[in-house]
*Asks:* 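Before we start, here is the structure in question, set down as structure tokens.
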Amino acid sequence: MKIYGFPLSPFVRKVLVTVKEKGLDAELVPSNPTQPDEEFLGVSPFSKIPGFRDGDFTIADSTAIVTYLDAKYPEPALLPAAPEARARAVWFEEVVDTILVPAGAPIILNRFLRPRIFGIEGDQAAALAADEAIKRPLSYLEGVVGEEWLSGDFSIGDISLASGLRTLDYAGASLDAAAYPRLAAWYGRVTARAGWQAAAEVEANIFKALGI
Ligand SMILES: N[C@@H](CCC(=O)N[C@@H](CS)C(=O)NCC(=O)O)C(=O)O
């Protein structure tokens with residue numbers, strides 16, 4: 001199995017954590033979506049990370065990859081069987097992918113990627129506006145997070161949200177436990193899991209190898 005991309009991307013991390021939660025292994029192939037090589041374009045035709053290969057099968061998009069992984073390697077299930085729980089797990093995944101991550105993207109771009117990776121000044125006004133923009137999805141999530149997981153058993157919703165929050169950590173926008181205490185407690189539960197820790201180790205090694 002191969003995952004193409006960098007785990008700074010919450011979408012790449014989502015796939016990596018999914019693989020580890022299922023007790024599987026995958027090679028993480030560093031791939032730059034702005035400078036795609038042929039192998040990467042072969043699995044991700046629009047040059048987005050993550051791309052994925054399992055034997056002869058290739059697919060891109062984290063949601064599509066996780067859907068494949070959960071069907072092919074069903075234990076433990078990360079898409080719940082009950083219709084309501086499954087729908088809510090996908091809902092939380094989508095809240096992160098389409099609302100929280102786009103709202104927080106200027107924080108990553110202007111406080112991490114531009115100054116630390118591209119060596120150019122970040123747009124601080126854009127980052128400050130994004131600090132405000134992420135409050136709405138975070139407040140919503142604070143209001144709905146339960147005593148254990150987001151949708152019954154641990155699911156793709158939990159993985160997706162924790163992956164998004166972890167990316168914000170890199171830009172110094174870590175979750176404020178005073179403002180979001182229930183979410184912070186839930187994040188602690190996710191990051192204590194063996195699957196998360198195994199993925200975090202892979203991620204740390206990549207960042208170390210890149211000197212970041
Ligand atoms: N819906 C896609 C989103 C993938 C995506 O937008 N990845 C970003 C990195 S976080 C990317 O490849 N951006 C490069 C570009 O758009 O050129 C997924 O879930 O995989």
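Since the structure is predicted, the reported quantities are computational estimates derived from the model, not experimental observations. All ligand and atom numbering here is 1-based and tracks the order in the structure.
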*Asks:* Side chains of L150 and W91, heavy atoms from C-beta outward: is any pair under 4.5 Å?
*Replies:* no
*Asks:* Please say whether the positively charged group of R166, taken as NZ for Lys or CZ for Arg, lies over the ring of Y170, i.e. under 6.0 angstrom from the six-membered ring centre and within 45 degrees of the axis.
*Replies:* yes
*Asks:* Can a non-hydrogen atom of I49 be found less than 4.0 Å from any atom of ligand 1?
*Replies:* yes
*Asks:* Is there a continuous path of hydrophobic side-chain contacts, each under 4.5 Å between heavy atoms, that joins V12 to L41?
*Replies:*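 V12 does not cluster with L41.
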*Asks:* Walk me through whether K20 and E203 qualify under salt bridge (Lys or Arg N to Asp or Glu O under 4.0 Å).
*Replies:* CA-CA 12 Å; K20 295 296 185 187; E203 179 169 337; over 6 Å; no
*Asks:* Please list the nearest protein heavy atom to atom 10 (S) of ligand 1 with its residue and the distance rounded to 0.1 Å.
*Replies:*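 Here the nearest protein heavy atom works out to S9 OG, 3.3 Å.
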*Asks:* Rounded at 0.5 Å granularity, tell me how far CG in L79 sits from OG in S151.
*Replies:* 10.0 Å
*Asks:* Under a 4.0 angstrom heavy-atom cut-off, which atoms of ligand 1 come close to P50?
*Replies:*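 Per the distance check, 20 (O).
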*Asks:* Have a look at K14, R13, K48 and point out the one with the heavy atom closest to atom 16 (O) of ligand 1.
*Replies:* K48
*Asks:* Short list, please: which atoms of ligand 1 are under 4.0 Å from a heavy atom of P33?
*Replies:*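 Per the distance check, 12 (O), 14 (C).
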*Asks:* With atom 2 (C) of ligand 1 as the reference point, say which of T34, D61, V15 has the nearest heavy atom.
*Replies:* D61
*Asks:* Any idea which part of S62 is under 4.0 Å from ligand 1, heavy-atom wise: side chain, backbone, both or neither?
*Replies:*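 S62 to ligand 1: contacts from backbone and side chain alike.
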*Asks:* Which label fits W196 and Y187: parallel for a plane angle under 30°, tilted from 30 to 60°, or perpendicular past 60°?
*Replies:*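 Geometry flag for Y187 against W196: perpendicular rings.
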